[in-house]
Amino acid sequence: MSDVYAILKERGFVSQVTDEAALPGLLAAGPVTCYVGFDPTAASLHAGSLLPLMALAHMERAGHRPIAILGGGTAMVGDPSGKTEMRKMLSQDDISANGEGLRQQIRKFIGADGLVLDNSDWLLELSYVSFLREIGRHFSVNRMLTAESYKIRLEKGLSFLEFNYQLLQAYDYLVLFQKYGCHLQMGGDDQWGNIVAGMDLIRRVEAKPAYGLTFPLLETASGEKMGKTARGAVWLDAELTSAYEFYQYFRNTDDRDVARFLAFFTFLPMDEVRALGAEKDAALNRSKERLAYEATAVVHGKEAAEKAQQAARSAFCGSADGDAGIPTTELDSKRFAAGIGVVDLFAEVGLCKSKSEVRRLIKQGGARIADRRITTIEEKITPADLCDGCVLLRVGKKKVHRVVLR
RNA sequence: GGAGAGGUUCCCGAGUGGCCAAAGGGAUCAGACUGUAAAUCUGACGGCGAAGCCUUCGGAGGUUCGAAUCCUCCCCUCUCCA
């Protein structure tokens, strides 16, 4: 059994631990059941969730038993930790549909030994008064109110509904402790309060120790939340964020983040991670290619990663083949016969949100067809612009879209 | 329930009858420079367009030649009191 605590620590996964003296020993002594919760508040997980997923994968590789909890029950309430305002309430149907999507994604990270459970199985049937008597009595409102994660909300408003969230999550941990022998809960730093609450509950009810570990809140070097772009989140679902876009997100990693991200989002041995991350200039740029490839392979599989890499190379280095992974739109060939206005075309394939945006873009010299800059908004694309029945539209240096005749 | 303060374009935030598609900052996008990085500089940044037109300042009405700005009602948030 490899020393998973050392691995997690070395790779940067460990932010806070409830009992730093005891936890490594526990993990070294034998298989430990551990869990992480995932909120089914969207149809897919995004890049920010990769950290806990990778942590679960590392645990399993080291011989422990990972459990992923879908928060089907807790999502009915909504976690206020670290949030500025209350989230829109989701319908039960949406929540369970989302949960099914997440289950697929989580399964890519944990294997047969791991479990994916849904806390709605035990939360939805709770009866109010008995829950208050059995669980609620262990919680001190005074203490909850002083928690850091509620601080903002105490200024901006916190509904009673959300205030209960912590009890439910703590109860989750208790249930898992009792039914599955789960001794470790992990989660993002924003979960610290909830995790500690669960530990305390277990100690009070069972008089036994349990542990907690949090991951650092992931930010890019420029201070952006990991996995968020101007255009929205970087999703793990290929329908929402194509493997190509996913690859590009990591390909464009800030220099300062390369080493960290290699440690977090790939399974490459740390020696290699350190070597790749220590490169300079052009070589560091190549490390980013490796990072993008490896991370894409973890989420979408080797084949998709290969394809995305080919597509990126062909889009950026001009090599002819490998277009297949580039976002593509099919258009009726009849429409080309008379020529399509560039303004309409760029807007239609989604490279720009509106025609005004296309006009601005062209005015500023940011629109190209293959490698030719478009200089006037009057320009039309005709069959003469096609090569092999397709045409590459470019916006700026990085966005590429392929149009194919049908 | 009572008193007060607020809700402005992606975010923060100015604007209290025409000069407002709305200051300023951030974010974003494009150009230059580069390494598909960062930093910097330049420009753009509601929509449709040739001019010009259309839609926007919590919602619905109203006053006015003219409203983000005034009036009425409603919804929401915060603070204090109960």
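Below, all heavy atoms of this structure are taken into account, side chains as well, without hydrogens, waters or symmetry copies.
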Checklist entry - Please, what dot-bracket string fits RNA chain B when only Watson-Crick and G-U pairs with both distances under 3.5 Å count, crossing ones use [ ] and pairs to another strand use |? => result (((((((..(((.....[.....))).(((((.......))))).(((...)))...(((((..]....)))))))))))).
Item to check | Those residues that, when tested against D121(A), pass side chain to side chain contact (heavy atoms under 4.5 Å, CB included) (two or more places apart) | outcome: D118(A)
Next on the checklist: Is R286(A) close enough to A37(B) that one of its side-chain N or O atoms is under 4.0 Å from OP1 or OP2 there?
Outcome noted: no
Next on the checklist: So, using ring-ring contact (aromatic ring centres under 6.0 Å, His included) as the criterion, who are the partners of F13(A) when residues are at least two apart?
Outcome noted: H58(A), F264(A)
Checklist entry - Is the shortest side-chain N/O distance from K397(A) to OP1 or OP2 of G31(B) below 4.0 Å? => result yes
Next on the checklist: What is the separation between atom CD on Q248(A) and atom P on U36(B), rounded to the nearest whole Å?
Outcome noted: 11 Å
Item to check | Separation of the C1' atoms in U9(B) and G47(B), to the nearest angstrom | outcome: 13 Å
Item to check | Residue list, side chain to side chain contact (heavy atoms under 4.5 Å, CB included) with T375(A), at least two apart or on another chain | outcome: none
Checklist entry - Tell me: CD1 of I362(A) to P of G31(B), nearest whole Å? => result 13 Å
Checklist entry - Could you give all pairs that pass the side chain to side chain donor-acceptor pair (under 3.5 Å) test and reach residues 330-342 of chain A, with sequence neighbours left out? => result R335(A)-E348(A)
Checklist entry - Between S120(A) and L70(A), does a side-chain contact (heavy atoms from CB on, under 4.5 Å) hold up when you go through it step by step? => result CA-CA 8 Å; S120(A) 63; L70(A) 294 170; over 6 Å; no
Next on the checklist: It should be established whether S356(A) places a side-chain nitrogen or oxygen under 4.0 Å from OP1 or OP2 of nucleotide C45(B).
Outcome noted: no
Next on the checklist: Rounded to whole Å, how long is the line connecting atom CD1 of I377(A) with atom P of A30(B)?
Outcome noted: 19 Å
Next on the checklist: Considering only residues two or more places apart or on different chains, which pairs with a residue in residues 276-305 of chain A satisfy ring-ring contact (aromatic ring centres under 6.0 Å, His included)?
Outcome noted: F246(A)-H300(A)
Checklist outcome for this item: RNA chain B nearest-nucleotide lookup for R373(A) and V343(A): closer to the 5′ end is R373(A)
Checklist outcome for this item: Here the distance between atom P of A38(B) and atom CG of L284(A), to the nearest Å, is 12 Å
Checklist outcome for this item: Closest heavy-atom pair, K397(A) versus F316(A), reported as atoms and distance to 0.1 Å, is O-CE2, 3.1 Å
Checklist entry - Ignoring hydrogens and angles, does a donor from either the side chain of Q364(A) or the base of G31(B) sit under 3.5 Å from an acceptor on the other? => result no
Item to check | Sub-4.0 Å heavy-atom contacts from residues 265-280 of chain A onto RNA chain B, ordered by number | outcome: none
Next on the checklist: Tell me the interatomic distance from F261(A), atom CZ, to A37(B), atom C1', rounded to whole angstroms.
Outcome noted: 12 Å
Next on the checklist: Work out how far the C1' atom of A27(B) is from that of C11(B), and round it to whole angstrom.
Outcome noted: 7 Å
Checklist entry - Taking the nucleotide of RNA chain B with the closest heavy atom to each, which residue, L361(A) or Y247(A), is nearer the 5' end? => result L361(A)
Checklist entry - Rounded to whole angstroms, how far apart are CZ on F316(A) and C1' on U34(B)? => result 14 Å
Next on the checklist: Assess the residue pair E289(A) and R286(A) against the criterion (salt bridge (Lys or Arg N to Asp or Glu O under 4.0 Å)); give the C-alpha distance rounded to whole Å, side-chain angles, the decisive distance to 0.1 Å, and a yes or no.
Outcome noted: CA-CA 5 Å; E289(A) 202 171 35; R286(A) 277 196 297 281; over 6 Å; no
Next on the checklist: Just checking K302(A): does its NZ atom have more than 12 heavy atoms from other residues, nucleotides or ligands closer to it than 6.0 angstrom?
Outcome noted: no
Item to check | Pairing residues for L123(A) by the side chain to side chain contact (heavy atoms under 4.5 Å, CB included) criterion, not counting sequence neighbours | outcome: T74(A), N119(A), L126(A), L168(A), Y171(A), D172(A)
Item to check | All side chain to side chain contact (heavy atoms under 4.5 Å, CB included) counterparts of R203(A), not counting sequence neighbours | outcome: D200(A)
Pull out every protein N or O sitting under 3.5 Å from an N or O of nucleotides 6-11 of chain B, one pair per line with the distance.
none

Checklist entry - Would you say a side-chain N or O of T253(A) is under 4.0 Å from OP1 or OP2 of A37(B)? => result no
Checklist entry - Taking atom P of G31(B) as reference, at what distance in whole Å does atom CD1 of I374(A) sit? => result 12 Å
Sub-3.5 Å pairs of nitrogen or oxygen atoms, protein against nucleotides 20-22 of chain B:
none

Next on the checklist: Less than 3.5 Å apart, any donor N or O on the side chain of Q185(A) or Q191(A) sitting next to an acceptor on the other?
Outcome noted: no
Checklist entry - Counting only side-chain N and O atoms of K398(A), is one of them less than 4.0 Å from OP1 or OP2 of A37(B)? => result yes
Checklist outcome for this item: Residues passing the ring-ring contact (aromatic ring centres under 6.0 Å, His included) test with F261(A), sequence neighbours excluded, are F265(A)
